[in-house]
Structures are given as structure tokens and as C-alpha cells.
Engineer: 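Just passing along the structure, written as C-alpha cells.
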Number of protein chains: 2
Amino acid sequence: MAATHELSVSKEKSSPKKIHKDLEKELIKDVLGLVETYPRVPITVDCVIFGFDENSLKVLLIRSDLEIYKGKWSLLGDFAKDSEDLDEAAARVLKERTGMDDVYLEQVRTFSTPGRHPGGRVLTVAYCSLLNIAHHQLKILDNEIHWHDFKSLKEKDLAFDHKLILDNCIQWLQKRMMEHPLGINLLPTKFSLRKLQSLYESILDRQMDRRNFRKKFFAMNFLIDTGEMETDVPHRPGKLYKFDFKKYEQNKRRWTGIDF
Amino acid sequence: MAATHELSVSKEKSSPKKIHKDLEKELIKDVLGLVETYPRVPITVDCVIFGFDENSLKVLLIRSDLEIYKGKWSLLGDFAKDSEDLDEAAARVLKERTGMDDVYLEQVRTFSTPGRHPGGRVLTVAYCSLLNIAHHQLKILDNEIHWHDFKSLKEKDLAFDHKLILDNCIQWLQKRMMEHPLGINLLPTKFSLRKLQSLYESILDRQMDRRNFRKKFFAMNFLIDTGEMETDVPHRPGKLYKFDFKKYEQNKRRWTGIDF
DNA sequence: TCAAAAGTGTTCATTATACACCCATGA
DNA sequence: TCATGGGTGTATAATGAACACTTTTGA
């Protein structure tokens, strides 16, 4: 990409194209030589995969395959391959573990504390992804990978610095949830307002007034009434809605104002 | 750090401590061996150093030292040393270039597109830092490093993907500025409300009503009247204020509410 | 008929926005 | 005396928060 940029040395107008190409090759060789001398670090991506089911927030974890962390749970991670964009690497991990692509996925933060990996310096880039448990069937056939109730993790000891990473990601998720309709990705395509509110309450970890919550969402005008109702509920069924992502993209609010 | 964790194998209560230590050493050797096999990537940090002077937002850039980018400007960056936390690396770059520590500095994002560096795969972690030009004297003795008007950079071609990084950082800064009083770091310790507003207008790139702006800031109660006035202004001098960071830390607002 | 959640409006407080005049200073 | 920005208040609109009763359904 950068190597194909117009070079500033191309000012020497009279030189034929070949010389430019040769010069460029020369320069790239120089840069390659320079980069050779840089210290190198192993890179991993760790995916914090959030799900939502039975009215609580879940995180997908795997048993650590390192003997030193035997019995502990860890985030889903892998090394970045050579010449792989880290976004791709994260998507690959997600695909390998859950069989899914086209899932919400976003870079959150890079962790580089020297002692964070017992095998020496390893840098990790944390990605957050959200998927709805009920909607997709995961390829969870062995018992080495499991959905964990987020709340239950407070006491548990995770491998590496994964507790720290998880902590960063939940805070990121909370903030992001308040400004973007990410939460919808954790629900089935059609959902009741109760489920939606329950999702928000789980993630933001506080109760909300039901009437105000409904008012708020209806006022946004991004909910489409499917005409369908809940089934199999032991009480009066609620309406099912879809989220109008298109309309949201067109009308989403611009951030202005100073507030701190 | 991680290596000092209590190991789960310590369940074998009867074993003397020494055996544990030996076992731990064994395990760490295994992990070290494993990490040996990982692909390794050169890591750099790039600092996007924002300043504010003469009522406009500035960015500190250096002439690229790569022949291939001859004549182009680039962000201030360097390789991460072995066993150096990237936050430290960024602080080091800042110190080396500006002579300053205790400056606002925050990780923004990691860039990993395979073609982003002409010398092969190089990963960079972008840091944003804010410092007030007027207050500190920079060690800018040569003409290879300069403050650039942020607006003027729109047309200029930067080295590497530094345009992209800069773009990410300004967006990050805008958002962050609306929620935290970062901007104060770009001003001298004592500042007039006009300067403050001018700063916000430059960064957020929009005009604000002067009366409402003042009302807003006074309502926060984080401004301390120093009793001093501006000098050397060709008009009625304004009062000079300091920002009460302590009070801010204690009283800063909690984020609640859904808004998108 | 009961339990559980659906659905629905109003009031009050806070915050955002729009807007115009006199004042103090240096040139 | 003029140009420049300092300093100030009010009215209106929009938004957020608190709060209770009737309805529908399945068990």
C-alpha cells in the first residue's frame, strides 16, 4: 500500500520510468533492511465475546491450554498470522470458535505490560464481539468452551491478564451501549421490549423505569412493529419488534455539547 | 507478573515448596518454548501530539527519515524496546522529542494493515498527547520538527498511513473533549474564557454562543478565579482562570442514560 | 381468580438554545 | 472616539425523572 505511493523523488522529470522503478526498488530494499533491525514481538488477538440469554449477560471462555494455567478459563485468542490484519485475525478466531462471520466485532485496546504472559513478552489486541446466543447454534461440542455468566466471573481467576481485559471490555461495552444500539446484536432479530430493557439493565447494571424506557425507544423511531407477539410466555405476551438499522444509520444523532 | 500467580496445581497439598518451584520452572520453560514458535512483528508507537496556539489547533510533525518518504512529514514514532510497556514507549518518545514528561497521553488505537509500512509488516499503536505550546519551551532546535496547523494538513500528504492515524486521533479527541476536560491540557495554567472557548471551537470545529459557553463552564464549578487579568491584549482584558482538577475528579459526572 | 407482565400519561425539574445590550481597555 | 472583545439575563423548548393504574394472558 504505502510502497505504491507516488514518490517525492519523482520530481526528476526527465528520468525514464524504469529508473524510477529501480530507484523505488532500491529504497524499499533499504527500508526492508532497516525494519530487519527492529525488535520483534509476538502478537495475539483476544476476543471478548458477549452474549445474552436467560436475562443475563454472558461471556464465552475457553479452558486454558497452557499447563501453567491448568483449570483456569481464558478469553478466545490466537496469534496473528504473518501479514494478517488484526481485524481479520479477530474475525478468524470468532469464526473458528463459533462458526459465525458477519458478527459485530470491534477493536478495544492493546495490552502490552511486559509481564502479562508467562512465556515472555507477548502483546495482545483485545476485540469485543457481541452475538445472540439464542439465534445461532454455536459449535460448542466439547466442554472446553462455555458461556459464563458475566456476574459470576467477578470471583473467578482467569488466565493471563484476562480479567483486566474483560474489565476494560465491559466498561467499553457499557459506554458504547449508551451511545449506539449495539445491544440489538445480542438479541434475536425479533424481540420484545421487556427483553430489550432486560438487556440494558444487565449490561448497564442498573434498573430503569419501564415507562420511560419504552418512551425513549419509541421516540427514537428505530423500532419496527413486526405485528407478531411473544409466544410461550406464562403471562400476557408482548409485541415483537425489529430494529431499523438503515433508518438508524441515516438519522443517528450527531454528538455535540460539552458535558463533564 | 502472571508467572507469580498461584498455580492451580498447588492443590497437591503434601508436596514441599521446592517441588512447586521446580514444577513452575518447568511449566514456564514449556510456555517459553511455545512462545518461541509464534510469528513476531515489529512494533512501533506513534504519538499524535496536539498543541494549541494563536487560536488554532496544531500537531507536532517530523520530517520522515526514510528516503522513500523524503520530504514528507510524519508523526513522532519509534520502535518499542524489548520489555517496554507501550505506554512507556510513548512517554519516552514524547520526552525525547519535547523534553516533557507528566504530559497527557493516552492510547487511541492499533493499526495493523499489512501494507501500511513499506518495510514489511509493522504494527503501530497510536497515542494521543496534548500539551500547551505557550507554556513549555520545546527542544525544537532543528527545522526537522514543526508545529503544523491542523487545518493545513488536510491537503498535505503524510508518510505511511499517518493521515489515517491522525484522522482517528482527531475524532477521538473531539469525542473525548466533549466528555472530559482534556482541552485544559492544551492551554497555559491560567487562561481566559475566550481562549478556552476558542480552543473548543477549533477542536470541535464549530462556533458556540459565548454566553451559553460561559454559563456552561461556570455551572460546572471547576473554574477557579485567579484574581488576575489578561495583559497585552488590545482590548478590555478578561479574567484569568485555573481549572480545579481535584474538584473535577471528585465531582465528575457519572454517565447514565441511553442516547443514540 | 390469580400471578405476571403489558400497556399507557402527566407533572415537575433540569438543561439547551436563542438572543442584545452596556462596559472597559488600548490604540 | 473607536474598535475589540468582556461581561451579563431571560424566555422558550426539549429532555429527563418520578410515579400508578387498568388490561391481557396462561396456569
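Computation of the quantities below employed the complete heavy-atom set of this structure, encompassing side-chain atoms and omitting hydrogens, waters and symmetry-equivalent molecules. A, B, ... follow the sequence lines: proteins, then strands. Residue 1 opens every chain. Predicted, not measured: the structure shown is a model, and the values here were computed from it.
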Engineer: For the pair made of CE in B:Met208 and P in C:dA16, what is the distance, rounded to whole Å?
Structural biologist: 13 Å

Engineer: Output the rounded distance in Å from CD (B:Gln207) to C1' (C:dT17).
Structural biologist: 16 Å

Engineer: Rounded to the nearest Å, what distance is computed from the NZ atom of residue A:Lys216 to the P atom of nucleotide D:dA18?
Structural biologist: 14 Å

Engineer: Among residues at least two apart in sequence or on other chains, which ones pass ring pair (Phe, Tyr, Trp, His ring centres under 6.0 Å) with B:His235?
Structural biologist: none

Engineer: Taking the nucleotide of DNA chain D with the closest heavy atom to each, which residue, B:Met229 or B:His235, is nearer the 5' end?
Structural biologist: B:His235

Engineer: Residues two or more places apart in sequence or in another chain: which of them pass side-chain hydrogen bond (donor to acceptor under 3.5 Å, both in side chains) with B:Asp101?
Structural biologist: B:Lys95

Engineer: What residues in residues 193-201 of chain B put a non-hydrogen atom under 4.0 Å from any atom of DNA chain C?
Structural biologist: none

Engineer: Mind checking what makes side-chain hydrogen bond (donor to acceptor under 3.5 Å, both in side chains) contact with B:Ser198, not counting sequence neighbours?
Structural biologist: B:Asn55

Engineer: Which whole-number value in Å describes the distance from A:Ile258 CD1 to C:dT15 C1'?
Structural biologist: 14 Å

Engineer: What's the CG-P distance between A:Asp259 and C:dT14, to the nearest Å?
Structural biologist: 16 Å

Engineer: Go through the structure and list residues passing side-chain contact (heavy atoms from CB on, under 4.5 Å) with A:Glu201, not counting sequence neighbours.
Structural biologist: A:Gln197, A:Gln207, A:Met208

Engineer: Tabulate atom names and distances for all N/O pairs under 3.5 angstrom spanning the protein and nucleotides 8-14 of chain D.
Structural biologist:
from, atom 1, to, atom 2, distance (Å)
D:dT10, O4, B:Lys215, NZ, 2.8

Engineer: Can you find a donor-acceptor pair, distance only, under 3.5 Å between A:Arg236 side chain and C:dA6 base?
Structural biologist: yes

Engineer: We want to know whether B:Ser56 and B:Ser202 form a side-chain donor-acceptor pair, criterion being a heavy-atom distance below 3.5 angstrom.
Structural biologist: no

Engineer: Please tell me whether A:Phe191 and A:Tyr241 form a close aromatic pair, meaning their ring centres lie under 6.0 Å apart.
Structural biologist: no

Engineer: Round to a whole Å and report the spacing from CG of B:Asn55 to P of D:dT4.
Structural biologist: 15 Å

Engineer: Distance check needed: D:dG5 P versus B:Phe213 CZ, whole Å only.
Structural biologist: 16 Å

Engineer: By side-chain hydrogen bond (donor to acceptor under 3.5 Å, both in side chains), which residues pair with A:Arg109, not counting sequence neighbours?
Structural biologist: none

Engineer: Restricting to side-chain hydrogen bond (donor to acceptor under 3.5 Å, both in side chains), what partner residues turn up for B:His180, sequence neighbours left out?
Structural biologist: B:Arg176, B:Tyr248

Engineer: Donor-acceptor pairs are to be reported for all side-chain atoms of residues 213-224 of chain A against protein atoms at under 3.5 Å, with residues two or more places apart or in another chain.
Structural biologist:
from, atom 1, to, atom 2, distance (Å)
A:Lys215, NZ, A:Asn212, OD1, 3.1
A:Lys216, NZ, B:Ile258, O, 3.0
A:Lys216, NZ, B:Asp259, OD1, 3.4

Engineer: B:Met220 CE to C:dT14 C1': how many Å, rounded?
Structural biologist: 15 Å

